[in-house]
Amino acid sequence: MGDGFRDLDGLDRLVHEPARLVIMALLSPAESADFLYLLRQSGLTKGNLSSHLGKLEQAGYVEIRKGYNGKVPHTEIRLSDAGRTAYKRYRAQMKRAVERLPE
Amino acid sequence: MEGDLGRVVAEADRRFWREWYRDGLPEIFLGLFSLAAGAFLTAGTRFRWVFAIVPLLFLVGSTSRLPNLFFAAKARISDPRTGFVRPRQPDWLLRGRNRIAFVVAAGIAANLIRVVGPRVADRLDDAVPWLAWFWPALLTVPGALMSFAMWRQYGSRRFLWIGVVALVGALWGPLMQWPATDAIALALIAQGVAMLASGGITLRSFLRSHPRPVET
């Protein structure tokens, strides 16, 4: 296997899924965001977004805090330190892999 | 694939800040701050103590209160419409002591400029006459340039117009050979008015295009 292909083989599959990559990209410049923000920005359905957030939370890549703003339920989502590291690592690996892939 | 990845990442960052500025609230608050700072500088020179203490108090008070008011406005006006999001702050700014030190340093620098500036201008007048009048522009033009940079970065034309008005305000005083304090005051007021106008128009447009969702 060429170097480029080897790099692709080592990619984090959790981050590599397009919907989850978009979620992590949307969260990366933010301190935190809520479900509505991610829903509007990602274009995913509610069910889809919930499902992918669940997987990211299970892996420890996002932290989800549920509370209230007055009487209105409020869910705050942020990338964990592990999530930021995974996202940065994915970006670096992807960049390296693409540079080494044959044209 | 690299292009797509680059687009996802670069677009996410740019998209975040475009959304952040979409409601016009950052401009409104910055405009108020700029206007207030310019208004202070136009106070009569008989109140010399005002120039020594009040700008410092204003800076300290506004940098601790203004962010809270700003985020409260975001929570009330924008978050119900577009969702809640907050930008990451640099780690150094998160520590309270660093914030206070930063504000105090800015206040001291502002007062030093006010005291030392005219003396420097007198000395420069002999050596480089045009610079004696022009040095205030060195302080105020960067604000206009930042607006131009934001126009280039986020593609929103209103930052271009803010930059143009701010640049005219920054250069007018020096070109007319106004005293430095008046020149800087005009630049701040021009920038403040431009930001308030732009922010107000943007907020009105935002409220029309983003109706508050009906609670179920």
Side-chain angles (χ1 to χ4, degrees), chain A residues 4-5 7-8 11 15-44 46 49 65-79 81 84 87-88 90-103, chain B residues 1-23 25-26 67-68 70-96 99 150 153-155 206-216:
Chain A
F5 293 110
D7 287 326
L8 282 173
L11 284 176
V15 181
H16 188 57
E17 207 288 328
R20 289 195 286 269
L21 176 60
V22 165
I23 292 169
M24 294 184 86
L26 287 170
L27 285 173
S28 71
E31 176 63 35
S32 62
D34 72 357
F35 191 85
L36 175 61
Y37 177 81
L38 291 176
L39 193 68
R40 289 177 67 100
Q41 293 299 315
S42 65
L44 297 169
K46 280 186 188 176
L49 178 59
R65 279 182 222 164
K66 295 189 184 191
Y68 285 87
N69 256 348
K71 290 181 184 173
V72 179
H74 177 69
T75 304
E76 216 169 289
I77 302 144
R78 62 177 62 189
L79 275 185
D81 291 343
R84 285 195 188 277
Y87 181 62
K88 279 183 192 164
Y90 173 84
R91 284 176 58 186
Q93 274 178 313
M94 199 61 189
K95 189 174 158 62
R96 209 165 41 238
V98 168
E99 278 167 3
R100 290 182 190 185
L101 282 174
E103 288 190 31
Chain B
M1 179 70 98
E2 184 186 64
D4 289 346
L5 172 64
R7 220 175 7 255
V8 166
V9 171
E11 188 62 29
D13 212 53
R14 210 175 295 130
R15 175 184 281 192
F16 173 86
W17 289 109
R18 264 207 307 264
E19 284 301 308
W20 186 251
Y21 291 117
R22 187 182 283 267
D23 54 15
L25 286 173
N68 290 340
F70 171 70
F71 287 124
K74 274 270 184 191
R76 189 167 268 269
I77 297 169
S78 308
D79 294 348
R81 291 174 164 84
T82 56
F84 165 93
V85 68
R86 294 292 176 264
R88 292 191 81 205
Q89 292 191 23
D91 288 335
W92 67 269
L93 196 59
L94 289 173
R95 286 182 219 112
R99 256 190 201 162
M150 287 179 71
Q153 174 76 356
Y154 306 119
F206 171 79
L207 291 173
R208 280 184 184 167
S209 58
H210 292 78
R212 206 179 175 105
V214 175
E215 286 175 30
T216 52

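The sequence lines fix the lettering, A, B, ..., with proteins before strands; numbering per chain opens at 1. Keep in mind that this is a model prediction, so the values were computed, not measured. All values below come from the heavy atoms of this structure, side chains included, with hydrogens, waters and symmetry mates left out.
Proximity to chain B is limited to the side chain of A:Glu76, based on heavy atoms less than 4.5 angstrom apart.
Note that the CD atom of A:Gln41 and the CD atom of B:Glu19 stand 4.0 Å from one another [nearest 0.5 Å]. Atom CG of residue B:Asp13 and atom CG of residue A:Leu26 lie 11.0 Å apart, to the nearest 0.5 angstrom.
Here the shortest heavy-atom pairing between A:Tyr37 and B:Phe84 reads CB-O, 3.6 Å. Summarising the geometry of B:Ala12 relative to A:Ala25, their closest heavy-atom pair is CB-O, 3.3 Å, with the distance given to 0.1 Å. Heavy atoms only, all atoms of each residue included: B:Asp79 and A:Leu36 are closest at O-CD2, 4.1 Å.
Scored by the side-chain contact (heavy atoms from CB on, under 4.5 Å) test, A:Leu44 finds A:Ala19, A:Ile23, A:Ser42, A:Asn48, A:Leu49 as partners (sequence neighbours excluded).
Formation of a donor-acceptor pair under 3.5 Å by the A:Arg40 side chain with backbone atoms of B:Arg81 is found in this model.
Counting heavy atoms from C-beta on, the side chains of B:Arg88 and A:Arg84 come closer than 4.5 Å.
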